[in-house]
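Before any comments, here is the structure.
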Amino acid sequence: MKHTIFLIGILVTLLLVGCQGKHPTVIAPKVEMQENPQGIATLTPRFSWQIISNEPDLVQQSYRIQVAQTEEDLAKEQNLLWDSGDVKSDQSILIPYEGSELRSKGIYYWRVKVNTNQGAAKWSKPQFWTMALLNDSEWQAQWIGEDSLSNPNETAEGNTRLAARYLRKPFGTKDSKIKRATLYISGLGMYEAFLNGKRISEDVFAPTVSWYPNRVYYNVYEVTPLIQQGNNLLGVKLGNGRFFGMRGGETMVFGLPRLLAQLEIQYADGSTDVIVSDESWKVTSKGPIIANNEYDGEEYDARLELNGWDTPNYDDSSWKPVDIMENPKGKLTAQPNPNLRIQEEIQPIKITKLPDGKFILDMGQNMVGWVRINNLNGKKDQPITLRFAELLNPDSTLYTANLRSAKVTNIYIPAKDGTFSWEPSFVYHGFRYVEVSGLDYQPELSNFTGRVLYDKMTTTGQFETSNEIINRVFKNAYWGIRGNYRGMPTDCPQRDERHGWLGDRATGCFGEAFVFDNALLYGKWVQDIEDSQSPEGSISVVSPRYWTIYNDDVTWPAAYFYAMNMLYRQFGDVEPIKKHYPSMKRYLERIQQVSMQDYIITKDTYGDWCMPPESQELIHSKDPARKTAGPILSTTMYYSLLNLMSDFARLTGNEQDIAGYQDLAAKIKEAYNNRYFDADSAKYDNNTVTANMLSLRLGLVPEGYEQRVFENIVQKTEVDFNGHVSTGVLGIQQLMRGLTQYGNVDLAYKIATNDTYPSWGYMVRKGATTIWELWNGDTADPAMNSGNHVMLLGDLLIWYYEDLAGIKNAAESIAYKKLLMEPKFPKGLTHVKATYNSVYGEIKSEWTKENDAFTWDIVIPANTSALVRLPKDLNISVPTQKGVRKVTETDSHIEIELGSGTYHLSSKS
Ligand code: BGC
C-alpha cells in the first residue's frame, strides 16, 4: 500500500514536471509546515513551497505572496491583506506573514508565485488556513462530564477501571443557509466526536497529550458538510487516555474525563449560532465501553450498545444531566501537531490453535495499534478475549512477562448469536501476537486486521543497500520509530510505561527525521519539556512529566537541546530555539548551581544505559571496566550543550550570552582533560569506547591527540569486543559517525552488519522486526526488556543517510539548502539507494560500486545545490551538462559543485 502511494506520488510528480512545459512550477505550498491547516495560533504564520522544473540548476530569484479573506478577492487581487510584492530572495521555506492583523477564527486564502533564473512560475493554486480561537474570552464553553464513579467495577486505584463517557447535545439550526460550521474541541483524556452519527474526523486519541496542569490542547475542525438544516446532534465519547488512565501511586491521575466543545455556525444571512458544552448536555457511562485503559485494554459489552445515541432522534431520558467539571487549568492552546491516525493495515500471516482451544494470530510484524475483528461469529453473552504480546513462549502461548502490570486485554461481549465486527476506541498495544479466546471455531486470517497507529505524518525516506542486514535493520527502525510516536516520542508501546523518556531520542530524533516528517511532533514535544520544567530550571527526564523525575543530570535533558537543533538543521525551523531559549538557559544555570564541582558535572543517573553486559542474562553490566563514569558522560554532554547554546544565542539575538558559554566551556574542557585524560596513552579514564568517543566527537580532546584517541577506540573495539559495539545509549549516539569521520568506515560497516551478539543484526537474526531495548533482548531479564525501543539506534540512521548515501547538510547549510554529498565506500558494500524528501523536495542518491566500476545517480531539488566530493581514484568522468557549476581537484579528491537537477556520474571505462 505504502509503496503504491509512493509510486503514485512519483508518477504525479513526473506528470507535473512533464506537463509544465518550460516553466518551473510551485508545488506543495504549506502554512506552518502543513497543507491547508486549521487552527493556526500564531499571528505570523510562515509559508513554504517547493519548485519543480525540468531544467537543471534552478534558483529562485524572487517570490510574491498574496493573502486575502476570500478566494474571489485573491483571484481578483482586491482587498488583499498582504501582498508581499516581488521580494528578491531565494528563500522558499518558512517566510513569515507580514500583512494586516489576522483575526481569531478567521479563514485566509493565499497563493505564491516565484521568479527564477529559468523564468517565472504561475501563481500556485489558492490555498487556505484557518486561525484558532485566539482569545480566552471567546470560549463560552464549560468543561463537562460525569463527576463520579457510577459503575460497579470502576476504580481510580491501581489498574484504574473506568467506563467511557457518552455525551450528547441536540440542537437546531436557523432557516437561513449554513455558510460554515467550525468545531473547537478538547476532551481529556481523549475524545471521539460525532455530528449526526458521523465521525467528524478520522483522527484518534485526540487531543495530543500534554502536561495538563500547564497546557491543554484543543483541535479545530471545519464540519460544515456534517451539519443539516433543522435538527442536529453533537455527540462525544470520552476515554481515559493519559488523563485518567495512569495508575495511582507514583504516576499521575488528573481526574475524571471531561469535554470542552464549542461549535460555531455561520449563516449566509450573516448571523451565527454557538453551541457549547454546558449544563444542558446529557451524559451516560452505561454504554458499551465498560472499561478502557491504555495499558490494560478495552472491554466492550455489545449488549449495552446505545443505538443511535449520536443522532438527533435518540431517546436519552435515561441519561443524566452532565456535571460541570473543574477546569483542568492548563492554558488552552490550539494543537500545533497532527493527531494520531490509523495509517496502515496489515493482515495476520498465520493462525495457530492451542491445545486449550485458544488461537494465536501472528501478525508477522511487531506492530503498534490494535486488531479489528471483521465478521467473526460470536455467541450471545460469550466474551471473545484478545490479549497481545510481542513474543511467544516455547509452547506457543503468549509471552507476557515483559509487559509488567499492563494487562493488554480487549474483551468483546456479543449481544446476540451471529457475526460481529469490532475495534476498540481508546487503547493501543505493541504486539506481534494476539491470543484469541472464546471462539468455538477456527477463524480465518481475514477475520482480523492489524490497524497501525501513529501520528499523522508522511514518510520522507526510503533506504536500501546491497546488504540485507542493513535493509532489515532499516525496516525494523521504520516500524519501531513510527510505533513509538504517540503525540510524543515514547520509550516503548507495550508495557506499563510508554512515556516520553528524553534520553532515548537525544540523537535518535535526527536520524528519525530522515524517515519521517516529524517536525511538528518534535516541535510540540519540546513544548512538553518546557511545560514540565521545574521553577528552579530542572528538566524532567520524562516529559510530559507523568512521572516527574528531576535528576539534575545532563544526558537525558540534552535531548531538549538536541531536538531543537534537529528542528533547525533538518527543517530550518528556528522558532523553537527562540521560544525555548530562556528555558534552556535556566536549565544550564541550574546544572552549574547543583551539579558542577570544579568545572566537572558530577551528577549522572543512568550511566551509559543498556550497554551490552558481560553476561547475557544481565540487564546492566556489573563490570567496572565496561562502564563509563557518570561525570564523563555528563561533562562531555554539558560541554556540547554549551557549544550548541552559543549557536542558539547567535541565532536568537542573544549574542551577549556567547562569551559566558564559551568561557565556561573552555574551563570545563581544561578541568575535564586534567581529570580524565592521560596524555601518554591518549586514553580517557578507563578507556571505554564511550568515554573516548564522546570526548572526541563532542570536541574535548586536546588538539593533536585526536587520532591517537581514535586509535584507542578502534583497538578496544577490535581487540576487546571483536569488532562489536560496546556502548550503551550514550556512546552509540556518536559511534558510527565517529568511526567514519576519523577514517575507519570499514569498522563502522562491520558493526552495522554483524549478526553476532551484540549487534542490530543479531536482533534481526533472532527474529526481531523492530529494535530491542537491550542488545541481549532475547536472553535478559523480562523486568526491563521491551522488544520495541528505538534508543539503541543511536546515530545509525544518520550514518546511513549522511555517510553511506552522502545526503548531508553542508557545514553552514540548514534544511539541505546546500548539500555536501560525500558517500563513503566501506569494503563489501556495493550498492546504496536512498531518497529523502527534504523541505525543498526530494533528494536522491543511488550508487553502485563493483571493483572499479562506479556509477552514481543524484537528484538535487530545485533552489538547492550540492558540493559533490569523491575520491580521485574512482576515476570519474566529469559530466559537462548544464548545472555543473564548478570542478576542483585536490590531491586526493575531485569536488564538483552542482545546481539542482538529475545527474549521472560514472567512472571512466
Ligand atoms: C525506559 C527507557 C528510559 C530509561 C531511563 C526505562 O524504563 O524504558 O527508555 O530512558 O528507563 O532510566
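Treat the numbers as computed from the prediction; the structure is a model and nothing was measured. In listed order, ligands and their atoms are each counted from 1.
- For the side chain to side chain donor-acceptor pair (under 3.5 Å) with E390, the lone residue among N788, N402, N785 that qualifies is N402.
- Between S759 and N754, the side chains place no donor N or O within less than 3.5 Å of an acceptor N or O (distance only, hydrogens not considered).
- Of the residues Y550, F561, Y606, the one that meets the ring-ring contact (aromatic ring centres under 6.0 Å, His included) test with W556 is Y606.
- Residues passing the side chain to side chain contact (heavy atoms under 4.5 Å, CB included) test with V689 are I713, K716, T717, S726, T727, L735, sequence neighbours excluded.
- Every protein residue with a heavy atom nearer than 4.0 Å to ligand 1 is included here: D491, R495, E497, W501, D504, W556, Y606, W609, E773, H789, M791.
- Here R586 does not pair with E536 in a salt bridge; the nearest charged N to carboxylate O distance is not below 4.0 Å.
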Problem set entry | Intermediate values then yes/no, side-chain contact (heavy atoms from CB on, under 4.5 Å), V542 and T548 | CA-CA 7 Å; V542 167; T548 301; over 6 Å; no
